[in-house]
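Have a look at the structure below, then the notes.
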Amino acid sequence: MDIERLERIVELMNANDLVEVEIETEETKIRLKKAGANAPAAFPAYAPMPAAFPGAAPAGPGAAMPAAGAAEEAVKVEGQTVTFNSPMVGTFYEAGSPGADPFVRVGTKVGASSVLCIIEAMKVMNEITADMEGEIVEVLVGNGEAVEYGQPLFTIRPR
């Protein structure tokens, strides 16, 4: 593999906010990982979720699934909970690698950048963050389960 091709891969990683990428062909196998990156070692690739898809929607009666592609914002209402919905279709993972402790449990306090889970979509591991401050009230999905776009994943009590 020539240096120009490697430079182009690094440019694509930066342009798409990728922390780690692995490419394998018949002749070559390369794995690039940014310095200081904390990507799960057991996963082949990692890309954080863009902020445009926070995946949170108000809970309670009358809460509807969002329109496809619509960015959602959590509505913080005193004394109520918010349902955190899946921002994509994929496989839900509660931890960064098999056998590791889950990112969150019932009672875990989360901040706006706290990792809640990983959703694997098309062989890419997407770290899903809370995008709000609060406490996990309920985990609604089991490890390794397939999830749909807009499916409730967690119930969070906002702070």
Seminar exercise, completed: Across all chains, not counting sequence neighbours, the side-chain contact (heavy atoms from CB on, under 4.5 Å) partners of Ala146 are none
Exercise. Do any pairs count as a salt bridge (charged side-chain N to carboxylate O under 4.0 Å, His left out) and have a residue in residues 143-153, sequence neighbours left out, and if so which ones?
Worked result: none
Exercise. Which atom pair, heavy atoms only, marks the closest approach of Gly144 to Thr91?
Worked result: O-CG2, 3.5 Å
Seminar exercise, completed: Closest non-hydrogen contact found for Thr129 with Phe84 is O-CZ, 3.3 Å
Side-chain polar contacts of residues 106-119 - donor-acceptor pairs under 3.5 angstrom, sequence neighbours left out - could you list them?
unit_1, atom_1, unit_2, atom_2, d
Thr108, OG1, Arg105, N, 2.9
Thr108, OG1, Arg105, O, 2.9
Lys109, NZ, Glu135, OE1, 3.0
Ser114, OG, Gly111, N, 2.6
Ser114, OG, Gly111, O, 3.4

For this session: Please name the pair of heavy atoms, one in Ala95 and one in Ala100, separated by the smallest distance, quoted to 0.1 Å.
Result: CB-O, 3.5 Å
Exercise. How close do Thr83 and Pro152 get, heavy atom to heavy atom, and via which atoms?
Worked result: CG2-CB, 3.3 Å
For this session: Can you see which heavy atom on Tyr93 is nearest to which on Asn143, and at what distance?
Result: CA-OD1, 3.2 Å
Problem set entry | Nearest non-hydrogen partners of Gln151 and Val141, listed with the distance | NE2-CG2, 3.9 Å
Exercise. Measuring from Phe154:CZ to Phe103:CZ, what's the distance to the nearest 0.5 Å?
Worked result: 9.5 Å
Exercise. Looking at CD of Glu94 and CG of Asp101, how far apart are the two atoms once the value is rounded to the nearest 0.5 Å?
Worked result: 9.5 Å
Problem set entry | From Ser86 atom OG to Leu140 atom CG, the distance as rounded to the nearest 0.5 Å | 12.0 Å
Exercise. Side-chain contact, heavy-atom cut-off 4.5 Å: Met132 with Val82?
Worked result: yes
For this session: Can you sort out the partners of Val137 under side-chain contact (heavy atoms from CB on, under 4.5 Å), two or more places apart, ordered by chain and number?
Result: Thr81, Thr155, Arg157
